[in-house]
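Only a predicted model underlies this, so the values are computations on that prediction, with no experimental measurement involved. The analysis underlying the following values was restricted to heavy atoms, covering all of them including side chains, and did not include hydrogens, waters or symmetry mates.
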Amino acid sequence: MSATCTLAAIQMISTPEVAANLATAARLIAEAAARGAQLVALPEYFPIIGGTDADRLAVRETEGSGPIQDFLAETAARHGLWLVGGSIPLTAEDPAKLRNSCLVFDPAGRRVARYDKIHLFGFQKGAESYDEAQTIEAGPPTPVVVEALGLRIGLAICYDLRFPELFRAMGALDLIVLPAAFTETTGQAHWELLLRARAVENQCYVLASAQGGRHPTGRVTHGNSMIIEPWGAVLARLDKGEGVVVAELDPARIAEVRASLPALRHRRL
């Protein structure tokens, strides 16, 4: 690709109500399209942030069928853009669990890629505790790269951000897309730091779309959806609240960074 393209990250504060969240996503995607976005990414669990794990399990869909997947396909086709569907709960091999899955749709509304979150979050600090492995089945340890707009795009979800070997295994990328629902605690400490590190070490753009605010359930997510360029500069950001973050991806900038500091060619391991 030689021309620039416009990227957009959608930030949400999703509720336990799927229909309400789809309506919010539709409104924000339409805003991104009106601002010229050619590729739009939703946040992790954009269709539901419930009060319990059972809430997500209750709205699992079978791959290829269901109102959430229909929404993503129809919305991509309506606006004629590439849509990275954040993540949604799909059925798992274990009937008591779900897969946390990122689906990508092309401008005709065809699903062209699926990535199931590999790394499952676990955290304990005081009264704050998370253990995704209790209800989520990890995806196969296989990186997923999709070709869109002439770009090589690597897919990852939230906690995957902490595992740089995943992105190295993808080969040379133009863009990393990372939907997330980072906690406020870990987000304050590490979110921007890790996002910028992934951009710098892979010499590519990073598009991070997050949940961002206090949810009706009382959960607080860190937000700070952002778009980062290959030298590590943050081009655009939204701290908290619903909204759209837009910036241009310039392939010439990728080439410039890699020419001046050919770190990818200097690798020895």
Next on the checklist: Through direct or indirect side-chain contacts below 4.5 angstrom among Ile, Leu, Val, Met, Phe, Trp and Tyr, which residues connect to Trp231?
Outcome noted: Val257, Leu261
Item to check | Cluster companions of Val220 among Ile, Leu, Val, Met, Phe, Trp, Tyr (side-chain spacing under 4.5 Å) | outcome: none
Checklist entry - Is there a donor-acceptor pair under 3.5 Å between the side chain of Tyr45 and the backbone N or O of Gly50? => result no
Next on the checklist: Using modelled atom types and a 3.5 Å cut-off, is there a donor and acceptor pairing between side-chain atoms of Arg56 and backbone atoms of Asp53?
Outcome noted: no
Got a second to check how far [X]'s [atom1] is from [Y]'s [atom2], nearest 0.5 Å?
X      : Y      : atom1 : atom2 : answer
Asn100 : His119 : CG    : NE2   : 13.5 Å
Leu207 : Leu249 : CG    : CG    : 9.5 Å
Thr52  : Leu57  : OG1   : CG    : 8.0 Å

Item to check | Side-chain ion pair, Arg168 and Glu165, N-O less than 4.0 Å | outcome: no
Next on the checklist: Any salt bridge linking Glu31 with Arg27? Criterion: basic side-chain nitrogen under 4.0 Å from a carboxylate oxygen.
Outcome noted: no
Item to check | Worked verdict on Arg35 versus Thr6 for side-chain contact (heavy atoms from CB on, under 4.5 Å) | outcome: CA-CA 9 Å; Arg35 294 173 64 180; Thr6 305; over 6 Å; no
With a cut-off of 3.5 Å and sequence neighbours excluded, list every side-chain donor-acceptor pair involving residues 234-241.
from   : atom 1 : to     : atom 2 : distance (Å)
Arg237 : NH1    : Glu192 : OE1    : 3.2
Arg237 : NH1    : Asn224 : OD1    : 3.0
Arg237 : NH2    : Glu192 : OE1    : 2.9
Arg237 : NH2    : Glu192 : OE2    : 3.3
Asp239 : OD1    : Asn224 : ND2    : 3.2
Lys240 : NZ     : Glu184 : OE1    : 3.2
Lys240 : NZ     : His222 : O      : 2.9

Checklist entry - Looking at Leu90, Asp70, Leu98, which one forms a side-chain contact (heavy atoms from CB on, under 4.5 Å) with Glu61? => result Leu90
